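First up is the structure itself, then whatever we jot down about it.
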Amino acid sequence: YKPSDLAYLPGAYGNNVPMREVIVEPFKELQAAAEEEIGVNFMPTTAFRDYNFQRTLYNNYVASDGVTAADTYSARPGYSEHQTGLSIDIFSTEYTTTEAFKNSTHYEWLVNNAYKYGFIQRYQSDTEDVTGFTEEAWHWRYVGVEVATYLHEHDITFDEYYAYFT
């Protein structure tokens, strides 16, 4: 699967990051609000990944850590949310490690505000038994403002929402 409506935004590494058109404006609004409120420019590192890109990532993780471990932090090819073009890995240029970012005011701002723009943190530390994946502080999924707000207000995962309401 490859979305037919890919658009491109400047990325954290000087690249152009492909993502679905439907998330471009909400992400730009999120970027502008974060810049205005806390002086940070959140940049996408990756969004849409095709099957071959994900296969390469996954196979590298398997070669490094084994299948069992890789399956806790990397989707198998054909099962990555990135292939939908609706997930974005977000980078804050001030925090170069995951742990530093997770413990930052930048991350806190995302947790408290991203839903206003339709984004949710897809994999959280206390939801691994529900989502099947370890925490990813950088991985944000566009679900729309209405669903993101519901998830935020009720403190449930997208998986739980999907199971209960679809």
Side-chain angles (χ1 to χ4, degrees), residues 1-9 11-13 15-20 22-23 26-27 30 42-93 95-104 106-112 114-115 117-144 147-148 150-152 154-166:
Y1 170 76
K2 182 176 181 179
S4 61
D5 64 339
L6 291 178
Y8 295 82
L9 282 180
Y13 305 118
N15 55 334
N16 287 315
V17 178
M19 61 188 69
R20 300 277 304 272
V22 68
I23 72 172
F27 186 71
L30 180 148
F42 289 120
M43 298 293 292
T45 58
T46 185
F48 170 73
R49 296 181 192 156
D50 67 18
Y51 181 93
N52 291 330
F53 186 101
Q54 189 66 29
R55 181 179 59 203
T56 299
L57 281 178
Y58 180 78
N59 288 343
N60 287 342
Y61 293 139
V62 167
S64 173
D65 298 329
V67 170
T68 302
D71 282 344
T72 68
Y73 64 85
S74 180
R76 290 179 180 222
Y79 295 90
S80 173
E81 289 192 342
H82 284 285
Q83 196 168 348
T84 68
L86 297 172
S87 290
I88 299 177
D89 288 348
I90 298 175
F91 180 76
S92 168
T93 56
Y95 297 97
T96 57
T97 67
T98 300
E99 200 59 34
F101 176 66
K102 190 179 135 193
N103 293 314
S104 73
H106 297 184
Y107 171 73
E108 183 181 334
W109 186 92
L110 278 171
V111 168
N112 292 320
Y115 74 94
Y117 307 94
F119 292 91
I120 59 166
Q121 181 183 353
R122 189 61 177 91
Y123 307 112
Q124 301 168 11
S125 64
D126 58 348
T127 63
E128 295 169 8
D129 60 329
V130 176
T131 66
F133 286 95
T134 57
E135 178 183 26
E136 293 186 352
W138 59 88
H139 184 100
W140 295 78
R141 163 88 184 254
Y142 183 78
V143 294
V147 173
Y150 188 91
L151 297 176
H152 180 79
H154 293 87
D155 194 28
I156 63 172
T157 66
F158 183 64
D159 302 78
E160 292 164 316
Y161 178 87
Y162 187 82
Y164 298 152
F165 299 108
T166 62

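Atom set for the values below is all heavy atoms of this structure, side chains included, hydrogens, waters and symmetry mates excluded. Not measured: the values here are computed from a predicted model. If you read the sequence from its start, that first residue is 1, and numbering goes on from there.
- Distance check, rounded to the nearest 0.5 Å: CD1 of Ile120 to NE2 of His139 gives 8.5 Å.
- Between Val17 and Met19 there is a side-chain heavy-atom pair separated by less than 4.5 Å.
- The aromatic rings of Tyr13 and Phe91 lie tilted to each other, with the angle between the two planes from 30° to 60°.
- At most 12 non-hydrogen atoms from other residues, nucleotides or ligands lie less than 6.0 angstrom from CG of Asp155.
- Between the side chain of His154 and the main chain of Tyr150, a donor-acceptor pair closer than 3.5 Å is present.
- Closest approach of Pro26 to Tyr117, counting heavy atoms only: CB-O, 3.3 Å.
- Between the side chain of Gln83 and the main chain of Ser80, no donor-acceptor pair closer than 3.5 Å is present.
- Rounding to the nearest 0.5 Å gives a distance of 10.5 Å between CZ of Arg76 and OH of Tyr51.
- Here the side chains of Phe48 and Arg20 are not in contact, with every heavy-atom distance at 4.5 Å or above.
- Summarising the local packing, OH of Tyr164 is surrounded by 12 or fewer heavy atoms from other residues, nucleotides or ligands at distances under 6.0 Å.
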### Query
So Tyr73 and Tyr123, ring-ring contact (aromatic ring centres under 6.0 Å, His included) or not? Walk me through it.
CA-CA 10 Å; Tyr73 64 85; Tyr123 307 112; over 10 Å; no
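- Within the 4.5 Å cutoff, the side chain of Ile88 has heavy atoms near those of the Ile23 side chain.
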### Query
Does the pair Met43 and Ser92 meet the rule for a side chain to side chain contact (heavy atoms under 4.5 Å, CB included), with working shown?
CA-CA 6 Å; Met43 298 293 292; Ser92 168; over 6 Å; no
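- Smallest separation of non-hydrogen atoms from Tyr58 and Ala75: CD1-O, 3.6 Å.
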### Task
Could you give me the CA-CA distance, side-chain angles and deciding distance for Asn103 and Tyr107, then say whether side chain to side chain contact (heavy atoms under 4.5 Å, CB included) is met?
CA-CA 7 Å; Asn103 293 314; Tyr107 171 73; over 6 Å; no
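- Leu110 is listed as a side-chain neighbour of Phe42, based on a closest heavy-atom distance under 4.5 Å.
- In this view, Asp50 satisfies the salt bridge (Lys or Arg N to Asp or Glu O under 4.0 Å) rule with no residue, not counting sequence neighbours.
- With sequence neighbours excluded, the residues forming a side-chain contact (heavy atoms from CB on, under 4.5 Å) with Tyr162 are Thr166, listed by chain and number.
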### Task
Evaluate side chain to side chain contact (heavy atoms under 4.5 Å, CB included) for Phe158 paired with Thr131, printing each intermediate quantity in order.
CA-CA 8 Å; Phe158 183 64; Thr131 66; over 6 Å; no
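- Although no hydrogens or angles enter the test, the distance criterion places no donor-acceptor pair under 3.5 Å between the side chain of Gln121 and the main chain of Val111.
- The one candidate from Trp140, Trp109, Tyr142 that meets the side-chain contact (heavy atoms from CB on, under 4.5 Å) condition with Leu30 is Trp109.
- Formation of a donor-acceptor pair under 3.5 Å by the Ser64 side chain with backbone atoms of Tyr61 is not found in this model.
- A side-chain hydrogen bond (donor to acceptor under 3.5 Å, both in side chains) with Ser87 is found for exactly one of Glu136, Arg141, Arg49, Glu81, namely Glu81.
- Between the side chain of Thr127 and the backbone N or O of Val130, no donor-acceptor pair lies under 3.5 Å.
- Under the salt bridge (Lys or Arg N to Asp or Glu O under 4.0 Å) criterion, Asp129 pairs with no residue, sequence neighbours left out.
- When all heavy atoms of Pro3 and Thr84 are compared, the pair lying nearest together is CG-O, 3.6 Å.
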### Task
Using the side chain to side chain contact (heavy atoms under 4.5 Å, CB included) rule, take Trp138 and Thr45 through it: C-alpha gap first, then chi angles, then the decisive distance, then the call.
CA-CA 9 Å; Trp138 59 88; Thr45 58; 5.9 Å; no
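- Using the six-membered ring where Trp is involved, Phe165 and Tyr161 have ring planes that are tilted, between 30° and 60° apart.
- Residues Phe133 and Glu128 fail the side-chain proximity criterion, which asks for heavy atoms closer than 4.5 Å.
- Side chains of Thr46 and His82 form a contact here, defined as non-hydrogen atoms less than 4.5 Å apart.
- Using a cutoff of 4.0 Å between basic side-chain nitrogens and carboxylate oxygens, Arg122 and Asp89 are not scored as salt-bridged.
- You'll find the side chain of Gln124 stays beyond 4.5 Å of the side chain of Thr157, heavy atoms only.
- Panel note: side chain Thr72, backbone Ala69; a donor-acceptor pair is recorded below 3.5 Å.
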